[in-house]
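Here the structure is laid out as structure tokens; the discussion comes afterwards.
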Amino acid sequence: MSHLRREVLKFRRTIILMKQRLVNLLLPLVDIDEKRLLSLIEIPPSREQGDLAFPCFQLAKQWRKAPHLIAQELAEQLNPDTLTASGFSKVEATGPYLNFFFERQKLANQLLSISVEEQLADHQIGANQTVVIEYSSPNIAKHFKLYHIRSTMIGQALANTYAALGYHVERINHLGDWGTQFGKLLAAYFRWGEDEKIKADPLTELVHLYVKFHEEAEKNPDLEEEGRHWFKRLEEQDPEATRLWEWFKEESMKEFEKIYQLLGVRFDHYLGESFYSSKMDEIVALLEEKGLLKESEGAQVVPLDEEQLPPCIIKKSDGASIYATRDLAAAIYRYERFKPIKMLYVVDYRQSLHFQQVFAVLKRIDPIYEQICEHIDFGVMKIEGEIGSTRKGKGLLLHEVLNEAVKRAEQIINEKNPQLANKEEVAKAVGIGAIIFNDLKHHRTREVNFVWDEAFNFEGKTGPYVQYTHARILSLLRRAGAVEVSPLEHPLYEQPLCWEILYTLYRYPSVLEETVEKNDPSQIAKYLLDLCQLFNRFYAEERIIVEDQAETQAKLALCQHIARVLKHGLKLLTIEAPDEI
RNA sequence: GAGCCCGUAGCUUAAUGGAUAGAGCAGCGGCCUCCUAAGCCGUUGAUGCAGGUUCGAUUCCUGCCGGGCUCACCA
């Protein structure tokens, strides 16, 4: 093993490895167990203070001594040679904190000489583990609405991030293609449907029929019964009902595919609810065998008194299945087929009670489900403050919003960079990127209020800002003509702003780890914004291409790495990073 | 009524119980004879209310006020 290679390994694993090193240094000096000690290590608010910190408050209590005195004592006790051997240049006591500094030049050199993928290669926490993620899951016979973007993009970004950390990922689109709603649609079709109109504009006409059904049902309650009846016939594989259902599904898929293509979203499996319709009897038999099923008001239910939840309905009084039954079948199917360590459901928070019930039933079938099932709930999307209802046929269409965003991007390009070669392509990347980023930058559980002017804003904390920063760096690299940027140690890297950037780059893998820990892609979005802001400040303060060759190299190596991380991060969010914008 | 979630600046928001509560938008004032001004710098401005736990609370607990969601044959 070469000297350089060993040095690379010394730092590669990012902050997490360095924290462990720090713990090893402190362990002989304090009487705190290793795990606890590790959890106490924190990152100081500014790099001026240090790169890692150990707060001495806990010890103060134990030792009955002022924390700032303890920090001073510990600083003196730490051997400088041992520090150096662990990659630290010095330690300082600042008030009650013991602050550690990395060997910055060396670390910088080593970090910049590896690619993002190499850095992540040491961080494959998911190797040999499978994660199943269910997301997007639109209902057929309805348009793909703007609010569907939440489940779709959160799920896709999570899938990408899990994959980047070495997990094997199964992406499932749990299409809403079964249930009483299709009975209602069939009932409406037989009453008012016209094939010509449906052929002309399938989804619009089907939604029209569905809305009409609900309007009429308010006046004539018998219609509800008619809808349930048609669903029952569909479940019994009535040929006419099945033929129509297949037709409606096919037309829906055509539209969904167009949207997914635009967004860059893909799935490993399209396993809609209908896929499990044949497994209903199995589920009922299984629950019966376990003695979980009870009759209540004519329906078959699993009581969940222990969890203080309402009972979970398995079979309706007319014998038809219900969505909980299909979710049970889906969970069992997924577990048996993929043997995952996690099964995630990216569905908005209004369904949290439903998932609590389903998970509680699964737990009774096999306790393993409690460990692996997780509802990744997210806040619903409001449009200009309002929540749309599909039953009334409201809500913005996603493809209309995307088209508008691309149009806006085109205008801005014509204004700011009219010479750009592939305007159309870039406008698409920027417009759609703006919409996706605007959604993903919000913390998962927050409600997102879609406001046109904010979503189409291309300045500040936006996707285009990140894309712009990326393009700016590539422009620098082109101008310098430096394709091969060779790594070197340089005092520049110790300057506060440069070091802050390097430290941020060094943290990247831990940001991905946090993203999958919290199942929250906004961690990546926020990180990218921070990185951009740092770079843009650097760019404003310093000339990158200068007389001094070594300095130019040092700066370009830094810039190049920033660009790579930006591109990598955007890709995880399913956003393109054009070379020029 | 019960359960769950949320109240941070005019607006949108950040902060594993820790150091000076960090940004963006909007406003005001600066910065392109020089590498993409979709940028940068400066400036005004915030933890709903009352208690409690703690060396330390935006964060944890209790109550109140305000908002959202859900509560058996829809998904």
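Each chain gets a letter, A, B and so on, in the order its sequence line appears, and its residues count up from 1.
- Ring-plane geometry between A:Phe144 and A:His148 is classed as tilted, the angle between the planes lying from 30 to 60 degrees on a 0 to 90 degree scale.
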*Checking salt bridge (charged side-chain N to carboxylate O under 4.0 Å, His left out) for the pair A:Glu236/A:Lys232: CA distance, chi angles, key distance, verdict?*
CA-CA 6 Å; A:Glu236 287 161 356; A:Lys232 189 91 202 312; 3.0 Å; yes
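- Residues A:Arg537 and A:Glu541 are not paired through a salt bridge, judged by the lack of any N-O separation under 4.0 Å between the basic side chain and the carboxylate.
- Each of A:Thr94 and A:Ile41 was matched to the nucleotide of RNA chain B holding its nearest heavy atom; the match closer to the 5' end belongs to A:Ile41.
- Set against B:G68, B:C71, B:A14, the side chain of A:Glu447 has B:G68 as its closest nucleotide.
- Annotation: B:A46 and B:A15 have their C1' atoms spaced 14 Å apart (nearest Å).
- Rounded to whole Å, atom C1' of B:U59 lies 13 Å from atom NE2 of A:His443.
- Look at the C1' atom in both B:C25 and B:A9: the space between them is 12 Å, to the nearest Å.
- With a cut-off of 3.5 Å on both Watson-Crick or G-U wobble distances, the partner of B:U36 is given as none.
- Side-chain N/O atoms of A:Ser352 include none lying less than 4.0 angstrom from OP1 or OP2 on B:C4.
- Nucleotides B:C74 and B:U13 are separated by 35 Å at their P atoms, to the nearest Å.
- With both ends at atom P, the span from B:G48 to B:G7 equals 8 Å, rounded to whole Å.
- Between the side chains of A:Glu513 and A:Gln523, not a single donor N or O lies within less than 3.5 Å of an accepting N or O.
- Nucleotide B:G1 forms a Watson-Crick or G-U wobble pair with B:C71, both donor-acceptor distances falling under 3.5 Å.
- For B:C60, the paired nucleotide is B:G52, the pair qualifying as Watson-Crick or G-U wobble because both relevant distances are below 3.5 Å.
- Nearest to the side-chain atoms of A:Glu454 among the listed nucleotides B:C11, B:A19, B:G68 stands B:C11.
- Looking at A:Asp177 and A:Ser274, their side chains do bring a donor and an acceptor atom within 3.5 Å of each other.
- Under the 30°/60° scheme for interplanar angles, the aromatic rings of A:Phe456 and A:Phe450 are found to stand perpendicular.
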*asked:* Pair A:Glu307, A:Arg364 - check salt bridge (charged side-chain N to carboxylate O under 4.0 Å, His left out), show working.
replied: CA-CA 12 Å; A:Glu307 286 89 349; A:Arg364 285 159 165 74; 2.9 Å; yes
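- Both distances falling under 3.5 Å, in either a Watson-Crick or a G-U wobble arrangement, occur for no nucleotide opposite B:A14.
- Nucleotide B:C32 is shown with a syn base, its glycosidic torsion being within 90° of 0.
- Separating the NE2 atom of A:His354 from the P atom of B:C71 is a distance of 12 Å, rounded to the nearest angstrom.
- Taking the P atom of each, B:C65 and B:G29 are spaced 45 Å apart, rounded to whole Å.
- Comparing the same atom, C1', in B:A37 and in B:U47 gives a spacing of 35 Å after rounding to whole Å.
- Under the Watson-Crick or G-U wobble criterion, with both distances below 3.5 Å, B:A9 is left unpaired in every strand shown.
- Classified by interplanar angle (parallel below 30°, tilted 30° to 60°, perpendicular above 60°), the ring pair A:Phe359/A:Tyr345 is tilted.
- Note: CZ (A:Arg446) to P (B:G67) measures 18 Å, nearest angstrom.
- Look at CD on A:Gln356: it is 9 Å from P on B:C4, rounded to the nearest Å.
- Base pairing of B:G27: its partner is B:U43, meeting the Watson-Crick or G-U wobble criterion (both donor-acceptor distances under 3.5 Å).
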*Which nucleotides of nucleotides 34-43 of chain B have their base under 4.0 Å from a protein heavy atom (B), which only their sugar-phosphate (S), and which neither (-), written as one string 5' to 3'?*
BBBSBSSS--
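- Whole-Å rounding puts the A:Phe355 CZ to B:C69 C1' distance at 15 Å.
- Only the C1' atoms considered, B:G56 is 24 Å distant from B:G63, to the nearest whole Å.
- Across the protein-nucleic acid pair, A:Asp520 atom CG and B:U13 atom P stand 14 Å apart, rounded to whole Å.
- Nucleotides B:C55 and B:U70 have their P atoms positioned 43 Å apart, rounded to a whole Å.
- Between A:Trp245 and A:Trp178, the angle of the ring planes goes over 60°, which puts this pair in the perpendicular group of the 30/60° scheme.
- Put simply, CG on A:Asp453 is 13 Å from C1' on B:U12, counting in whole angstrom units.
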